[in-house]
Amino acid sequence: MSNGTIKKVAGPLVIAGGMRDANMFDVVRVSSQRLIGEIIEIHGDRASIQVYEETSGLKPGEPVESTGAPLSVELGPGLIGSIYDGIQRPLDKIMQISGNNLHRGVEVPALGREKKWHFTPCITVGQKVVAGDILGSVQETEIVIQKIMVPYGISGTVSSISEGDYTVLDRVASIQSDDGTEHPVTLMQKWPVRRGRPYSEKLPPDMPLVTGQRVIDVLFPIARGGTAAIPGPFGSGKTVVQHQLAKWADADIVVYIGCGERGNEMTDVLNEFPTLKDPKSGYSLMKRTVLIANTSDMPVAAREASIYTGITIAEYFRDMGYSVALMADSTSRWA
């Protein structure tokens with residue numbers, strides 16, 4: 001960790017001195033209000049920090065503290081059905097703390113620490129495992145089973161594993177590497193958002209994605225694993241099309257990023273998504289959806305961070321073998 005002081009404030013950009021031991025893209029806490037930010041440039045002992053919150057009232061001399069870690073997301077049970085801001089702060093939990101107005105410097109874990117999840121192992125002690133192997137599962141919602149995987153960078157022999165009810169921080173298994181080191185495994189893992197999750201093979205997009213919208217499937221077909229853009233002016237129906245895609249497309253999980261949206265547009269999304277009925281299961285569509293709400297009143301860098309956050313969550317469910325529909329609305333506000 002590295003501690004410094006503010007030298008200059010220019011809008012959302014803060015220049016801090018005494019940060020020689022900090023690293024690029026470290027998450028920092030700025031001032032006694034502990035505003036969250038990220039180091040985007042370092043010259044000598046001076047660091048340029050992009051703050052993700054309103055910087056009014058900051059002044060030179062206030063403390064800056066580096067966490068020593070890059071911007072990361074928490075991955076585990078509790079993701080499905082959640083509504084986050086662009087840096088994975090749960091908006092419902094924040095509302096319970098600060099009311100309808102988001103207070104600066106709020107620190108809330110992305111995944112609840114109190115709730116217990118029932119873990120069912122699918123392997124036994126003595127089995128060899130490598131990163132990405134499935135150790136067991138948690139029934140997260142009525143229609144989504146979250147698979148608990150061996151974290152990347154860990155391989156060896158399972159030395160302990162047991163069924164039971166655990167919080168996301170409790171140890172559910174231990175893996176002993178070849179050199180005898182014991183690695184505890186919990187239901188939750190962290191992953192830096194700017195680092196893509198590894199994969200063994202990139203498959204060609206040679207299968208169509210059935211969207212359930214005849215005009216798209218017939219005239220503008222989309223490939224599974226491919227990308228598509230919906231251009232159009234304000235009020236032309238882009239968001240409505242995305243609602244229909246989320247509801248009817250042949251995908252297991254939906255990750256919806258409202259990036260730089262106007263407040264009223266994002267409010268419509270947050271109100272409408274829980275009311276959408278999933279035609280596959282009959283439950284609310286939120287039972288297989290993660291929403292990221294990053295409105296236009298947040299700094300531009302926070303909009304970019306929201307895209308990385310959504311992609312990382314989508315890659316996590318992809319690693320479980322699920323088909324994920326990832327939507328970002330709208331590209332013009334962050335590209």
task: Report the residue from K287, R288, K247 that forms a salt bridge (charged side-chain N to carboxylate O under 4.0 Å, His left out) with D278.
output: R288
- prompt: Counting only N and O atoms by type, is there a donor-acceptor contact under 3.5 Å from the side chain of Q50 to the main-chain atoms of I40?
  reply: no
- prompt: Has the side chain of E38 got a donor or acceptor atom that lies under 3.5 Å from a matching backbone atom of I49?
  reply: no
query: For the residue pair P205 and G226, what are the closest heavy atoms and their distance?
result: CB-N, 4.3 Å
Face-on cation placement of K147 at F317 ring, 6.0 Å and 45° thresholds: no
field: Distance (rounded to the nearest 0.5 Å) between T289 OG1 and L276 CG
entry: 8.5 Å
- request: Among residues two or more places apart or on two chains, list those pairs meeting side-chain hydrogen bond (donor to acceptor under 3.5 Å, both in side chains) that have a residue in residues 214-235.
  value: T211-D217, R224-D250, R224-S323
Distance (rounded to the nearest 0.5 Å) between L135 CG and I123 CD1: 4.5 Å
field: Backbone of V168 reached by a side-chain donor or acceptor of K115 within 3.5 Å
entry: no
- prompt: More than 12 heavy atoms of other residues, nucleotides or ligands under 6.0 Å from NZ of K116: is that the case?
  reply: no
query: Do side-chain atoms of E53 reach the backbone of L35 as a donor and acceptor pair under 3.5 angstrom?
result: no
field: Intermediate values then yes/no, side-chain contact (heavy atoms from CB on, under 4.5 Å), D85 and I292
entry: CA-CA 5 Å; D85 71 357; I292 298 173; over 6 Å; no
query: Taking the side chain from Q127 and the backbone from T157, do they hold a donor-acceptor pair closer than 3.5 Å?
result: no
- prompt: Within the distance-only criterion (no hydrogens, no angle test), does the side chain of S159 pair as donor or acceptor with the backbone N or O of S174 below 3.5 angstrom?
  reply: yes
task: Nearest 0.5 Å please: distance from the OH atom of Y166 over to the CD atom of E163.
output: 8.5 Å
task: For the pair Q96 and V108, evaluate side-chain contact (heavy atoms from CB on, under 4.5 Å) and give the outcome as yes or no after the intermediate values.
output: CA-CA 11 Å; Q96 294 173 12; V108 182; over 6 Å; no
- prompt: When rounded to the nearest 0.5 angstrom, what is the spacing between CG in L79 and CG in L111?
  reply: 5.0 Å
statement: Scanning both residues in full, the closest heavy-atom pair of V130 with S155 reads CA-CB, 3.9 Å
Atom pair OG (S66) and CZ (R29), whose distance is rounded to the nearest 0.5 Å: 11.5 Å
- request: Heavy atoms only: give me the nearest L187-T167 pair and the separation to one decimal.
  value: CD1-O, 3.8 Å
Close side-chain approach of V51 and L13, heavy atoms under 4.5 Å: no
field: S56 to E54 - nearest heavy-atom pair and separation
entry: N-OE2, 3.1 Å
- prompt: Is Y322 reachable from Y283 through a run of hydrophobic residues whose side-chain heavy atoms are each under 4.5 Å from the next?
  reply: yes
query: Are M327 and L245 side-chain neighbours, meaning at least one heavy-atom pair lies under 4.5 Å?
result: yes
field: Flag, side chain of S72 to backbone of P70, donor-acceptor distance under 3.5 Å
entry: yes
query: How far does OG1 of T67 sit from CD1 of I36, to the nearest 0.5 angstrom?
result: 8.0 Å
- prompt: More than 12 non-hydrogen atoms from neighbouring residues, nucleotides or ligands closer than 6.0 Å to CE on M207, yes or no?
  reply: no
message: Donor-acceptor check, side chain of K190 to backbone of E74, threshold 3.5 angstrom: yes or no?
response: no
- prompt: Any side-chain heavy atom of H118 sitting closer than 4.5 Å to one from T120?
  reply: yes
query: Just by distance, with hydrogens left out, do R34 and S31 show a side-chain donor and acceptor under 3.5 Å apart?
result: no
query: Side-chain heavy atoms under 4.5 angstrom apart, residues restricted to Ile, Leu, Val, Met, Phe, Trp, Tyr: same cluster for V185 and I134?
result: yes
- prompt: Is it true that a side-chain atom of S82 and a backbone atom of G78 form a donor plus acceptor pair closer than 3.5 Å?
  reply: yes
Contact summary for L71 and A305, nearest pair of heavy atoms: CD2-CB, 3.9 Å
task: State whether the number of non-hydrogen atoms from other residues, nucleotides or ligands found under 6.0 Å of K238 atom NZ is greater than 12.
output: yes
- request: Say whether H183 and Q176, considering side chains only, have a donor N or O and an acceptor N or O under 3.5 Å apart.
  value: no
Linked, directly or transitively: W248 and V218 (ILVMFWY side chains, under 4.5 Å): no
- request: For L291 and M286, run side-chain contact (heavy atoms from CB on, under 4.5 Å): C-alpha distance rounded to whole Å, both residues' side-chain angles, the deciding distance at 0.1 Å, then the answer.
  value: CA-CA 9 Å; L291 288 179; M286 287 298 294; 3.8 Å; yes
task: Indicate, with yes or no, if V138 and I145 share a hydrophobic cluster defined by side-chain heavy-atom contacts under 4.5 Å among Ile, Leu, Val, Met, Phe, Trp and Tyr.
output: yes
- prompt: So, for A131 and P151, which heavy atoms are closest and what is the spacing to 0.1 Å?
  reply: CB-O, 3.6 Å
query: Can you name the salt bridge (charged side-chain N to carboxylate O under 4.0 Å, His left out) partners of D26, sequence neighbours left out?
result: none
- prompt: Does P184 reach the side chain of R171, with side-chain heavy atoms less than 4.5 Å apart?
  reply: yes
query: When you measure from the side chain of E62 to the backbone N and O of I6, does any donor-acceptor pair fall under 3.5 Å?
result: no
task: Show your working on side-chain contact (heavy atoms from CB on, under 4.5 Å) between D92 and I83 and close with a plain yes or no.
output: CA-CA 7 Å; D92 56 338; I83 302 173; 5.9 Å; no
- prompt: In the single-linkage hydrophobic clustering (I, L, V, M, F, W, Y; side-chain heavy atoms under 4.5 Å), do L203 and Y199 co-cluster?
  reply: no
task: Answer whether the closest heavy-atom distance between the side chains of L169 and M188 falls below 4.5 Å.
output: yes
query: Does a salt bridge link R318 with D252, judged by any charged N lying under 4.0 Å from a carboxylate O?
result: no
query: Less than 4.5 Å apart, any side-chain heavy atom of I42 and any of I39?
result: yes
query: Looking only at side chains, do Y316 and Q146 share a donor and an acceptor under 3.5 Å apart?
result: yes
- line: Those residues at least two apart in sequence (or on a different chain) that pass ring-ring contact (aromatic ring centres under 6.0 Å, His included) with Y256 are F273
